[in-house]
Amino acid sequence: MSAQGVNTWDQFIEGIWKQNPVFVMVLGMCPTLAVTVSAMNALAMGVATMFVLVCSCLLVSLMRSIVPKEVRIATYIVIIATFVTVVDYAIQAVSLALYDALGAFIQLIVVNCMILGRAEAHASKNPPWIAVINAVGMGIGFAIGLLSLGVVREILGSGTLFGVSLFGEGFQPWVVMVLPPGGFFVLGGWLLVFALWEKRKQAKEAAK
Amino acid sequence: MTTNTVPETQATPTGAMLRTLGLVSAICGLIIVSSYHGTYTAVQANKKLATERAVKSVIPAAKSIAEYWLAPGGSPEIAKGGDLPAGTIKFFAGYDAEGKLNGIAAEGGAKGYADVVRVMYGYSPECQCINGLSIVSSRETPGIGDKVDSSKSNVDKDFMANFKALDAKLNADKTALANGIKAVKHGTKTSPWQIDAISGATITSRAVANGINDSAKALLPKLVPQLDKIRSKS
């Protein structure tokens, strides 16, 4: 597959734009809705998921020729769970406050369908360097997705951005934004923006 | 499986599957164990720091902190580390610069609106009262239930005023609290052992009260008669 001129840039940009896990594929909604109450949480979750994604894809790709197809899912899950455990320890070592804020969603990265999906659909069929480039792109795309929810929810729900107060004392926080419904509102809003964008692009192309 | 209608595609031998799974597990095991060891000291240091910060927030005057274990029927001993034996109560003692006891801190927890609310409270032997509160962990509703948390910007100052001198005296024969610590509806506090609940967050306020009460009920009758044993830092 690699020999036929795989465009590295395309592989990289795929996850960020064309196949963005959050806004296009709508995968991994569980952490997307749950931990994006603040920009910091969203960023940390995005980075943690990206680390697991990149490491798992590298290992899956390296082992792709020796893994029999009958046991491939079991193998992928073990590999993913391993890197999630590593991330779990790493976050505890970095900051317990962050660890408490992300809660069970760190462990739940194991069942993030985006990661298993990438391992199965991409990494198991491509050489390591392409798998890693694609995974980095996907990871960045996922992190951008989380961050765009987190930023909006934190600004509206707490009046802060990365913990820095934006509006001063008079601001009355829009509490619903940091509650679960807020996650759905903001996700719906972003999906609307992207859908409008796409529609406009298509209209422009049709007019040509 | 290998009926004669389906031409046999290359079936993987069991040995190969086992070998692969074994190899993957061995590699993954190695990664997990090395990352556990690599982060162990940092994680432990972080946990210690977090506990110390919580204890110092309820005994602000403390210069140093010691963790004690109180076994049933025993006397308080410096914590040995490892798992807490069943029935043993853990508490912290804060000491001033001269090594004199200036407060006790202990943890409690009770079911709140969303999940268990874990609290750390400070007990002052001088006034026999609870004079500090911090929330260790809670998943209460932001903007409503989390007003009990003094680390949040929207903390309810009237609620925190409950914990300046919350009565926790023992009864005459020192076997139980003279009055159980209880949350009452907002604005109906009449006695010093009552906690004036936050209006709209009664369940969370009650969880805080119950967490303190359950823990204090178990710890104080055993500890207070033996306080002299830990008066000065050993």
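These numbers were taken from a predicted model, which means no experiment stands behind them. Below, read A as the first sequence line, B as the second, and so on, with proteins coming before strands; counting in each chain starts at 1.
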Considering residues, nucleotides and ligands other than [X], do more than 12 of their heavy atoms fall under 6.0 Å from its [atom1]?
X	atom1	answer
B:Y40	OH	no
B:K111	NZ	yes
B:K63	NZ	no
B:Y113	OH	no
A:W174	CH2	no
A:F167	CZ	yes

Q) To the nearest 0.5 Å, what is the distance between OG (B:S138) and CG (A:D100)? A) 10.5 Å
Which atom of [X] lies closest to which atom of [Y], heavy atoms considered:
X	Y	answer
A:L96	B:K47	CD1-CA, 3.4 Å
A:A74	B:L21	CB-CD2, 4.3 Å
A:V86	B:S35	CG2-OG, 3.6 Å
A:Q92	B:N46	O-ND2, 2.8 Å

(Q) Please classify the contact of B:I27 with chain A as side chain, backbone, both or neither, using a heavy-atom distance under 4.5 Å. (A)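 The side chain, not the backbone.
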[X] portion near chain B, given a 4.5 angstrom heavy-atom threshold:
X	value
A:S158	neither
A:I66	both
A:V94	backbone
A:V78	both

**Q.** Within-4.5 Å side-chain heavy-atom neighbours: A:I79 and B:C28
**A.**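 The answer is yes; the side chains approach within 4.5 Å.
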Q: Check whether any side-chain heavy atom of B:I31 sits under 4.5 Å from a side-chain heavy atom of A:F83, and report yes or no.
A: yes
Q: Find the one option among A:L59, A:I91, A:T75 whose heavy-atom pairs under 4.5 Å with chain B are most numerous.
A: A:T75
**Q.** Winner by heavy-atom pair count (cut-off under 4.5 Å) against chain A, out of B:I144, B:L49, B:T20
**A.** B:T20
